[in-house]
Amino acid sequence: PNLALQVAAARGGLGLALLPCFLGDRETGLVRAAQGSPTRSRDIWILTHPDLKKTARVRAFMTFAESVLRAERTNITGKLNQSV
């Protein structure tokens, strides 16, 4: 499903949209249908071939990806707005 279309449909009053918190929380005019904090529903995996996992470029990417995910943790987990 196209998330941009789901956002547009929800903003247009066509019903509910199941959106990632980092997207839905930033959309003006949209509110969460469920009360309380969202629960974790998916893990994030980075897969690589065993022969490549210790190469400098793969380690650099994994380090970078981890730092971005940690920095954006509140947006990804949906705890951007503590009042929700």
Side-chain angles (χ1 to χ4, degrees):
N2 185 312
L3 292 176
L5 292 176
Q6 290 183 44
V7 168
R11 270 189 295 174
L14 296 177
L16 298 174
L18 182 60
L19 302 171
C21 295
F22 66 84
L23 181 60
D25 285 344
R26 293 184 173 155
E27 286 295 323
T28 57
L30 295 184
V31 296
R32 291 186 186 183
Q35 297 299 315
S37 297
T39 58
R40 190 180 93 194
S41 62
R42 293 184 179 97
D43 291 327
I44 297 175
W45 289 70
I46 300 175
L47 304 176
T48 185
H49 191 279
D51 293 343
L52 300 175
K53 72 180 183 179
K54 293 188 179 182
T55 62
R57 67 180 182 269
V58 171
R59 292 299 318 147
F61 170 75
M62 289 186 182
T63 300
F64 169 76
E66 179 183 11
S67 68
V68 169
L69 292 170
R70 286 187 188 279
E72 294 297 323
R73 183 178 186 153
T74 56
N75 294 328
I76 294 168
T77 61
K79 295 182 180 173
L80 181 66
N81 182 350
Q82 295 297 326
S83 66
V84 177

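Every value quoted in this text rests on a predicted model; they were computed, and no experiment measured them.
- Between the CG atom of Leu47 and the CG atom of Leu52 there is a distance of 12.5 Å, given to the nearest 0.5 Å.
- Within the structure, the side-chain hydrogen bond (donor to acceptor under 3.5 Å, both in side chains) test picks out no pair touching residues 50-65 (sequence neighbours left out).
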Open item on the list: Could you walk me through whether Phe61 and Ile46 satisfy the side chain to side chain contact (heavy atoms under 4.5 Å, CB included) test, starting with their C-alpha distance in whole Å, then the side-chain angles of each, then the deciding distance to 0.1 Å, before giving a yes or no?
Closed with: CA-CA 10 Å; Phe61 170 75; Ile46 300 175; 4.0 Å; yes
Side chain to side chain contact (heavy atoms under 4.5 Å, CB included) between His49 and Val58, worked out | CA-CA 10 Å; His49 191 279; Val58 171; over 6 Å; no
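- Across all their heavy atoms, Thr48 and Met62 have their closest contact at CG2-CE, 3.6 Å.
- The number of heavy atoms from other shown groups lying within 6.0 Å of CG (Leu14) is above 12.
- For the side-chain contact (heavy atoms from CB on, under 4.5 Å) test, residues two or more places apart in sequence or in another chain that qualify with Leu69 are Ile44, Ile76.
- Between atom SG of residue Cys21 and atom CZ of residue Arg26 there is a gap of 11.0 Å, rounded to the nearest 0.5 Å.
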query = Yes or no on side chain to side chain contact (heavy atoms under 4.5 Å, CB included) for Leu19 and Glu27, after CA distance, side-chain angles and deciding distance?
reply = CA-CA 11 Å; Leu19 302 171; Glu27 286 295 323; 5.6 Å; no
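- A pairwise comparison of heavy atoms in Leu23 and Leu3 identifies CD2-CB, 3.9 Å as the closest pair.
- A heavy-atom distance below 4.5 Å is found between the side chains of Arg32 and Asp25.
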